[in-house]
Amino acid sequence: RHRYTARSRYLAPFRKKIESLGKIVFGPDFSVELDNDLRIAKANVTGVSMPFDQHSGGEREALGVISRLACASIVSDSGGVPLILDDALGLTDPERLKTLGAALTVGARGCQVIALTCVPGRYQHVGAEKVVTIF
């Protein structure tokens, strides 16, 4: 009963946040269905709702980043929790990197995003406040 109550309380705001970020990446028709464990079960990224595992590797990667960003930004009223991306977006095509960069910029308003990468060009479309190069 408590698990159901907690899940019910998180489901709508979590889905809403995923969809608001996802619309930046995939367009205005983007929508998701979440399963009982609050994972993306289905996503509509091209006008057709498909199970998560039937999406391309790049789409699954983008959906994963979006859902992690959504979770990090809504879990706390005091600014979210940090989201650490470790060499993510390797499967993402150059055009989608632009829209993902915009979504990361918007999502980072609600939490701290730290991206570790050996390919900094993947994040050139993110409005980063600070870039640190480590050798």
message: Please evaluate residues I40 and L34 with respect to the criterion side chain to side chain contact (heavy atoms under 4.5 Å, CB included), reporting the C-alpha separation (whole Å), side-chain torsions for both, the decisive distance (0.1 Å), and the verdict.
response: CA-CA 5 Å; I40 296 175; L34 302 177; 3.9 Å; yes

task: Determine, stepwise, if the pair F30 / N44 fulfils side chain to side chain contact (heavy atoms under 4.5 Å, CB included).
output: CA-CA 5 Å; F30 176 77; N44 172 5; 5.8 Å; no

- request: Determine, step by step, whether L116 and I134 satisfy the side chain to side chain contact (heavy atoms under 4.5 Å, CB included) criterion, reporting the C-alpha distance in whole Å, the side-chain angles of both residues, the deciding distance to 0.1 Å, and the verdict.
  value: CA-CA 10 Å; L116 306 172; I134 302 171; 5.7 Å; no

- prompt: Can you check side chain to side chain contact (heavy atoms under 4.5 Å, CB included) on D35 and F52, steps first, answer last?
  reply: CA-CA 11 Å; D35 66 14; F52 180 82; over 6 Å; no

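Taken from SG in C111 to CG in L69, the straight-line distance is 5.0 Å, to the nearest 0.5 Å. Atom-to-atom distance recorded for L100:CG and L21:CG is 10.0 Å, nearest 0.5 angstrom. If you take OH on Y123 and OG1 on T105, they are separated by 12.0 Å, rounding to the nearest 0.5 Å. Rounded to the nearest 0.5 Å, atoms CD1 (I66) and OG1 (T99) are 8.0 Å apart. Rounded to the nearest 0.5 angstrom, L89 CG and R122 CZ are separated by 7.0 Å. Annotation: the span from I114 atom CD1 to D86 atom CG amounts to 11.0 Å, rounded to 0.5 Å.
The salt bridge (Lys or Arg N to Asp or Glu O under 4.0 Å) search around K98 returns E95, not counting sequence neighbours. Legend: residues meeting salt bridge (Lys or Arg N to Asp or Glu O under 4.0 Å) with D93, ordered by chain and number and at least two apart, are absent.
Between Y10 and I74 the shortest side-chain heavy-atom distance does not fall below 4.5 Å. Using a 4.5 Å heavy-atom threshold, the side chains of E19 and S31 count as touching.
Nearest heavy-atom pair across V25 and A103 is CG2-CB, 3.6 Å. Between A62 and R96 the shortest heavy-atom distance is CB-CD, 4.2 Å. Considering every non-hydrogen atom in both A88 and V65, the closest pair reads CB-CG2, 4.5 Å. Residue A70 comes nearest to F14 through the heavy atom pair CB-CE1, 4.0 Å, listed as atom of the first residue, atom of the second, then distance.
Hydrophobic clustering, with ILVMFWY side chains joined whenever heavy atoms are under 4.5 angstrom apart, keeps L104 apart from L91. Linking ILVMFWY side-chain heavy atoms closer than 4.5 Å, directly or via other members, places M50 and V32 in two distinct hydrophobic clusters.
Pairs passing the side-chain hydrogen bond (donor to acceptor under 3.5 Å, both in side chains) check and including a residue from residues 59-71, sequence neighbours excluded, read H55-E59, E61-T92.
Exactly one residue among K17, R109, Q112 makes a side chain to side chain contact (heavy atoms under 4.5 Å, CB included) with S73. That residue is K17.
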